[in-house]
Amino acid sequence: MDDSNNNGEEKTRGLDFIRQIIKEDLDSGRVSQVVTRFPPEPNGYLHIGHAKAFTLSFSVAEEFGGICRLRYDDTNPEKEDEEFVRGIEEDIRWMGFKWEGEPRHASSYFARFYEWAVELVNAGKAYVDHQSPEEMVENRGTPTKSGLDSPYRNRSVEENLELLEQMRTGVLDEGSCVLRAKIAMDHVNILMRDPTLYRIRKETHHRTGDDWCIYPMYDFAHGFEDAIEGVTHSLCSLEFVNHRPLYDWFLDNVSVPSRPHQYEFARLNLSHTIMSKRYLRKLVEDHHVHGWDDPRMPTLKGMRRRGYPAAAIRKFIDEIGVSKVNSLVDVEFLNFHVREELNRTAHRRMAVINPLKLTITNWPEGKIDIFTAENNPGDTEAGSRDIKFSGELWVEKTDYMDDAPRKWFRMTPGKEVRLKYAYYVTVNEILRDNSGEPEELLCTYDPETRGGDSPDGRKVKGTLHWLSRHDAVNAELRLFDHLITLEDVSKAEEGKEFLDYINPESELINTEAKVEPALASAAAEERFQFMRNGYFVADTVNHIPGAKPVFNRIVGLRDSWAKIAKKG
RNA sequence: UAGGACGUCGGCAAGCGGUAAGCCACCGGGUUUUGAUCCCGGCAUUCGCAGGUUCGAUCCCUGCCGUCCUAGCCA
C-alpha cells in the first residue's frame, strides 16, 4: 500500500498521556462514561493558565462522549466572593465551552463531608487536636525529620465525637482546635502526617451563610466532591502530585459513592508574564494595571479586551499539548496563533499612527478621487469599501527618511513610491519645524498611475498606507508591550521580585493617530488589521461608536524590515 | 545525607525495542499594490551523562547529574 500519495496520510501527534489513560479506561470497561470537572475557587478571575486546564477537561469529555461539570471549590469562606462567579462563567462561555447542568458547589456537600468525618472518627481514624498552629508546625517535622505524635492523638472515639460536635455547633472557639486524620507522623510524605480535615471559622460563607462554623480543607474535601459527582478522571496540575496519596486515602477509608482518580499535568507558564492569582491580584490592587481586564493582563478578561480571539487561544492551547514537563511557553507562540486567526478574519483598514502631512503639489485644486479597497485580500467574500483620496494626505512619519539606507523601499527625496490603491508619488521638498523635524512632505504624483500601476511598467518597491486629510478622523490608539521585562519570572535575580521587572512602557497611549472615517462607527470588540501597522480592536470600555474611537493594538504584524534594519 | 515528579532541536512536543513526526523561532529562495499573507527549501548521525541487557535501545535495567514540587488551621 502506498501511503505516500497526496491522500492526506499525514502523521499526526499521538494522544497525550491523559487521553491515553482515558482511552484505555474506556476500552477496558473500567469506566463507561468519562466525567470530568473544572473546580475553580471563586476568589479571582481566570487566566490563560486556567484556560489550559478547563480546555483539557472540557475537550476530553467532549471527545470521548462524556460530560464535564463546573464546580466551585468554595470551602474557604474568607477568600471567596460571588463577584467572581459571574466572571468565571462568562469566561468559560467566551472560550466556547458549556458545562453539564447547573454549576455545582463544594459548599452544598458540607453535610456529607461532615458525615464522613464522623465516620473516620468512629473508625478511630481522626481526632480533635488542641495543639496551637505553632505547635503543629513544630511537631510536623521536616522533609528529613519525622514528626511527633500530638498529645491529643489517642483520645477516645466518644471524646472525639463530642469535641467534633462542639466544633460544629460553635461551642469551641476559632483556632482552638482542628480535626485531623490519624495517619502517621513519620510518613515520608509530609502531607500525610495527620493532615487537617476541619478548621473552625466563624465566618459567613457566601452561599451557606452562618450554617457552619467549621470548614473542610482541600485535601479532605476534593476527592469527596469528585466522588459525589461521579467524576472519573480528576485532572489537576503537577503541584498536586504530592497530594494524591491523601486523595486516595480519604476515598479508601470512607464509604464513598464512586471511586474517582486524580491525574496531574503541567500547568501553563508563559514568558514575560505571571500566572499566579496572588501576583495578578497584587498588580490590580497596587494599580500597576487598570484592572483585571487590563489588556496587558494574562487573564481571559484582559486578553479578551486586548482583542485576542477565543479561537486563537484555543488553537494555541491545543498546540502546546499536555505533558508532565514543567515548561515555559514563549508568548510569541500565542501571538503567532492570534495573527493566524486575525489574518483570516479581520478586515483591513488604513490608519496612521504617527501622522505626517503629505501634500501633492500638482494635484488639481479641490479634487477628490475614490478608490475601491478590498477588505481582505485573502478572502474575496469579505467584500470591499470605497476610500477617498485628495491632494492633502496623512502618511506615516516613520515611512520617510532623509538619508535612507540601501534597502529602504519607502519615502526619501527623489524616490518614487506607491500609495496603496492610489498613485505613485515622489517626495521633492520637505518643510521642517524649528528643530529640523519634517513637518510636511511636498510631492508630485503621476496621473498615469491611477489605481497603483504604471502603464509603462515602471516598478516601485514600496507601497504605503495613507489617509486623506479631509475625511480622516482622530482616534486614540493604545499600544501594548510585555508587562514583565523578564522572560522567565521564576528566574528573578537575588532579592528581586516580579514587581522589579514591570515594563514602564507596557502601555503607550497615542492620541494623535488618524483612521479611516468608517472606523469611527466600529462596534466595540470589532477587530481590524490596520494595514502595515498590526491588528487592532475597538475597546470595549472607552470606544464610543460615532463619538470617540479608541483602539487597542492586539498584536503587530510580522516585520521583516525591522530585522533587516537591525542587521544593518 | 527525605520523598515525589520530570529531563528528546533555541521554545513547545510526538515517539511506547526496529534505526529521531509536527508546530513556532531561525536561515535561504519565489510570489506579492500590506517589507503582511502565501509558496518552496534548510534546520537533532542524535534523545541529561555513564554503564548494562539485546542482533538492535530515545524506548528495558543500574548508577550518577540536573530541574521542579512538598514542612498553610490556602486551593
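Order of the sequence lines fixes the chain letters, A, B, ..., with proteins taken first and strands second; residue numbering starts at 1 for each chain. Because the structure is a prediction, the values reported are computed rather than measured.
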B/C49 to B/U8 separation - P atoms, rounded to the nearest Å: 10 Å
A/Glu225/A/Arg104 ion pair, N-O < 4.0 Å: no
A/Lys23 with A/Asp27: basic N within carboxylate O range, under 4.0 Å: yes
Check ion pair A/Asp379-A/Arg344 (N to O, under 4.0 angstrom): no
Salt-bridge contact A/Arg267-A/Glu239 (side-chain N to carboxylate O under 4.0 Å): yes
Test: A/Arg168 cationic atom under 6.0 Å from A/Tyr114 six-membered ring centre, within 45° of axis: yes
Toward the 5' end of RNA chain B, by each residue's nearest nucleotide, A/Arg418 or A/Lys52: A/Lys52
Between P of B/A5 and CZ of A/Arg267, the distance in whole Å: 19 Å
Rounded distance (Å) that lies between atom P of B/A2 and atom CZ of A/Arg193: 14 Å
Euclidean distance, atom CG of residue A/Asp330 to atom P of B/A13 [Å, nearest integer]: 13 Å
A/Asn376 CG to B/A36 C1', straight-line distance once rounded to whole Å: 11 Å
Nucleotide paired to B/C59 in any strand shown, Watson-Crick or G-U, under 3.5 Å: none
Nucleic acid contacts - residues 454-465 of chain A versus RNA chain B, non-hydrogen atoms under 4.0 Å: A/Thr463
Touch class at under 4.0 angstrom, heavy-atom based, for A/Phe336 against every strand present: sugar-phosphate
Side chain of A/Ile564 (C-beta onward), nearest among B/G35, B/U37, B/C6: B/G35
Sugar-phosphate, base or nothing in reach of A/Arg244, heavy atoms under 4.0 Å: nothing
Sugar-phosphate, base or nothing in reach of A/Leu419, heavy atoms under 4.0 Å: nothing
Whole-angstrom distance between B/C40 and B/C23, as gauged at atom P: 11 Å
Length of the line joining A/Met531:CE and B/U32:P, which is rounded to integer Å: 16 Å
For B/U54, the Watson-Crick or wobble partner whose two distances fall under 3.5 Å: none
Donor + acceptor pair across side chains of A/Tyr218, A/Asn76 (<3.5 Å): no
Between C1' of B/C26 and NZ of A/Lys566, the distance in whole Å: 13 Å
Closest listed nucleotide, where the reference is the side chain of A/Asn326 and the choices are B/A25, B/C68, B/C6: B/C68
For B/C73, the Watson-Crick or wobble counterpart (both distances under 3.5 Å): none
Between B/C59 and B/G7 - P atom distance, rounded Å: 12 Å
Touch class at under 4.0 angstrom, heavy-atom based, for A/Val322 against every strand present: sugar-phosphate
Sugar-phosphate only, base, or nothing, as touched by A/Arg344 at under 4.0 Å among non-hydrogen atoms: nothing
Touch class at under 4.0 angstrom, heavy-atom based, for A/Lys563 against every strand present: sugar-phosphate
Touch class at under 4.0 angstrom, heavy-atom based, for A/Trp408 against every strand present: base
Below 4.0 Å: OP1/OP2 of B/A14 and any side-chain N or O of A/Gln20: no
Base-pairing mate for B/G35 - Watson-Crick or G-U, with both contacts under 3.5 Å: none
Atom P, compared across B/G4 and B/G51: separation rounded to whole Å: 27 Å
Whether A/Phe224 and A/Phe250 hold their rings parallel, tilted or perpendicular, with breakpoints at 30° and 60°: perpendicular
Counterpart base for B/U46, defined by Watson-Crick or G-U wobble contacts under 3.5 Å: none
Polar contact flag, side-chain donor to acceptor under 3.5 angstrom, A/Glu229-A/Tyr109: yes
Sugar-phosphate only, base, or nothing, as touched by A/Pro377 at under 4.0 Å among non-hydrogen atoms: base
Aromatic ring pairing A/Phe530/A/Phe528, orientation class (parallel under 30°, perpendicular over 60°, tilted between): parallel
Donor-acceptor contact present, side-chain A/Asp559 to main-chain A/Ala562, <3.5 Å: yes
B/A25 versus B/C38 - spacing of their P atoms, nearest Å: 10 Å
B/C6 pairs with, by Watson-Crick or G-U criteria that keep both distances under 3.5 Å: B/G66
G-U wobble or Watson-Crick pairing nucleotide for B/G41 (cut-off 3.5 Å, both distances): B/C27
Nucleotide nearest A/Leu238 (side chain, heavy atoms from C-beta), chosen from B/C23, B/U34, B/A5: B/A5
P spacing across the pair B/C43 / B/U31, given as an integer number of angstrom: 24 Å
salt_bridge(A/Arg385, A/Glu374) N-O dist < 4.0 Å: no
Distance test, side-chain N/O of A/Arg558 to OP1/OP2 of B/U37, below 4.0 Å: yes
Integer-rounded Å distance: B/G3 P and A/Met185 CE: 19 Å
Mutual orientation of the aromatic rings belonging to A/His222 and A/Tyr247 [parallel < 30°, tilted 30-60°, perpendicular > 60°]: tilted
Sugar-phosphate, base or nothing in reach of A/Lys324, heavy atoms under 4.0 Å: sugar-phosphate
Contact nearer the 5' end of RNA chain B, comparing A/Glu487 with A/Tyr421: A/Glu487
Integer-rounded Å distance: B/G35 P and A/Met411 CE: 12 Å
Pair A/Lys315 + A/Glu340: basic N to acidic O under 4.0 Å: yes
B/G11 pyrimidine/purine six-ring stacking with A/Phe333, under 5.5 Å and 30°: no
B/G35 base / A/Arg532 side chain donor-acceptor hit below 3.5 Å: no
Integer angstrom distance from the P of B/U46 to that of B/A14: 23 Å
Pairwise salt bridge (Lys or Arg N to Asp or Glu O under 4.0 Å) hits with a residue in residues 135-147 of chain A, at least two apart: none
Base-contact (B) and sugar-phosphate-only (S) positions in nucleotides 70-75 of chain B, heavy-atom cut-off under 4.0 Å, - elsewhere: SBSBBB
C1' atoms of B/A20 and B/C16, separation to the nearest Å: 14 Å
B/G72, syn or anti by chi within 90 degrees of zero: syn
